[in-house]
Amino acid sequence: MTQAPPPAIYSLAVPRFVGVPTFMRLPYVGLDAVAGHEVAVYGIPSDAGAPFRTGARFGPQAMRAQSIMLRPINPYRGNLDVLGTLRVCDAGDSPVVPGYLPETMLRIEAYTAALLAAGCLPLGIGGDHSVTLPELRAVAARHGPLALVHFDAHTDTWDAYFDGLPYSAGTPFRRAAEEGIVDPARSIQIGMRGTLFKPTDISQSIDLGYRVVTTDEALALGPANLARAVAERVGDAPAFLTFDMDFVDPASAPGVQTPEAGGPSAREALAMLRALHSIRLVGADVVETNPLYDGPGQVTALLTATIAAEILALIADTKRGNGKTPAGGG
Ligand code: MN
Ligand code: MN
């Protein structure tokens with residue numbers, strides 16, 4: 001008779017500094033053995049799409065190193081045993097080719113597709129925000145057009161960078177709308193703030209069909225009302241949550257490519273995530289963590305890992321069926 005292995009190395013039994021730091025001390029599983037896991041956390045170590053500070057290629061390693069702090073129970077959703085509810089693994093890193101963005105995008109799409117084919121929900125850790133477009137291509141190929149829930153200081157719906165080049169960390173959500181893999185009418189962008197290139201930097205998203213909630217509006221709404229707005233927008237569509245770490249104020253998350261002053265604190269950002277409910281997530285990522293610019297204590301990497309764990313808790317809560325009913329139902 002075999003006993004099921006514990007979902008993760010238990011830090012009350014094995015000190016945190018012992019062993020190889022996988023995400024939340026979960027088992028590392030290669031593509032050949034991911035089947036049977038409901039969620040596969042995987043690194044996407046590419047910064048080939050970064051128009052400014054490179055270094056997000058080191059994001060997955062830094063996030064994993066800090067994720068050893070995380071414990072399996074989430075008290076913000078009724079002491080939810082996240083790792084006991086969901087079978088989660090660390091599926092390693094997507095292949096990338098430094099300096100070759102189009103080739104890197106093909107390899108990310110293939111790796112994400114392989115995780116999906118094995119029945120796993122992909123939870124990616126970037127990487128700059130260009131990694132999300134190939135993720136969306138793979139997830140939409142399986143689930144159809146996606147509702148996007150996008151936390152970011154920037155819309156990332158610019159048309160082109162540097163004389164007409166279509167792919168970068170600043171363009172994925174225009175490409176996704178054009179390709180029909182995201183349904184902007186079901187999608188919401190949250191957190192926009194700061195100076196603009198053109199007066200249309202925000203309205204270009206609205207023109208594509210997205211709903212835009214600025215940082216000021218998100219903070220004025222508060223977590224519960226914001227969560228209601230997200231649930232109303234997304235409805236029962238298959239959804240992809242993407243979280244750009246520059247959504248958070250640079251005081252709490254300095255290690256990013258394009259910091260914007262005046263954002264939500266770590267506490268405020270986590271409260272917004274913890275209030276989300278009843279979203280049918282079929283994929284997610286946390287991106288733009290750049291450890292080369294992180295502060296003492298690796299605060300950005302720690303927050304990145306914590307946000308990934310909150311997304312896991314949202315997925316587990318939805319599976320448990322104890323998510324509150326969507327807005328309109330109470
Ligand atoms: Mn972004
Ligand atoms: Mn951004």
Side-chain angles (χ1 to χ4, degrees), residues 44-57 59-60 63 101 104-105 108 124-136 146 148-161 165-177 181-182 184 187-198 201-202 204-205 208 210-218 240-266 268-269 272-273 283-294 300 303-304 307-308 311:
I44 314 180
S46 170
D47 48 31
F52 188 40
R53 293 169 168 176
T54 53
R57 65 181 64 177
M63 178 280 297
L101 180 55
T104 293
M105 289 170 65
I108 294 168
I125 309 294
D128 73 56
H129 224 155
S130 68
V131 305
T132 304
L133 183 61
E135 289 177 80
L136 291 170
L146 302 164
L148 185 73
V149 181
H150 174 200
F151 292 87
D152 200 322
H154 315 98
T155 56
D156 294 354
T157 52
W158 286 280
D159 185 34
Y161 268 62
L165 296 175
Y167 299 117
S168 83
T171 60
F173 305 115
R174 177 176 293 271
R175 297 287 93 80
I181 57 179
V182 156
S187 301
I188 186 164
Q189 300 187 295
I190 303 162
M192 288 71 226
R193 66 178 182 275
T195 52
L196 309 173
F197 287 125
K198 300 174 191 164
D201 284 0
I202 302 291
Q204 67 192 15
S205 271
L208 285 167
Y210 289 104
R211 176 166 180 198
V212 175
V213 178
T214 65
T215 282
D216 287 346
E217 290 164 345
F240 190 100
L241 192 159
T242 184
F243 195 105
D244 183 325
M245 288 300 295
D246 69 31
F247 171 80
V248 182
D249 190 87
S252 295
V256 295
Q257 183 194 169
T258 46
E260 292 292 344
S265 67
E268 288 164 333
M272 291 179 201
L273 287 172
D285 65 14
V286 186
V287 300
E288 292 285 359
T289 300
N290 185 337
L292 305 187
Y293 295 87
D294 210 350
T300 313
L303 184 58
T304 306
I307 286 168
I311 293 170

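First listed ligand is number 1; within each ligand, the first listed atom is number 1. Nothing fancy with the numbering, it's 1 onward along the sequence.
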Asp47: salt bridge (Lys or Arg N to Asp or Glu O under 4.0 Å) partners, not counting sequence neighbours: Arg57

Pairing residues for Arg175 by the salt bridge (Lys or Arg N to Asp or Glu O under 4.0 Å) criterion, not counting sequence neighbours: Asp159, Glu178

Geometric class of the Phe173/His150 ring pair [parallel <30°, tilted 30-60°, perpendicular >60°]: tilted

Of Asp156, Thr214, Thr155, the residue whose pairing with Gln189 passes side-chain contact (heavy atoms from CB on, under 4.5 Å): Thr155

Total protein N/O/S atoms whose distance from the Mn ion (ligand 2) is less than 2.8 Å: 5

Those residues that, when tested against Phe151, pass ring pair (Phe, Tyr, Trp, His ring centres under 6.0 Å) (two or more places apart): Phe243, Phe247

Interatomic spacing from CD1 in Ile202 to NE2 in His154 - rounded to 0.5 Å: 9.5 Å

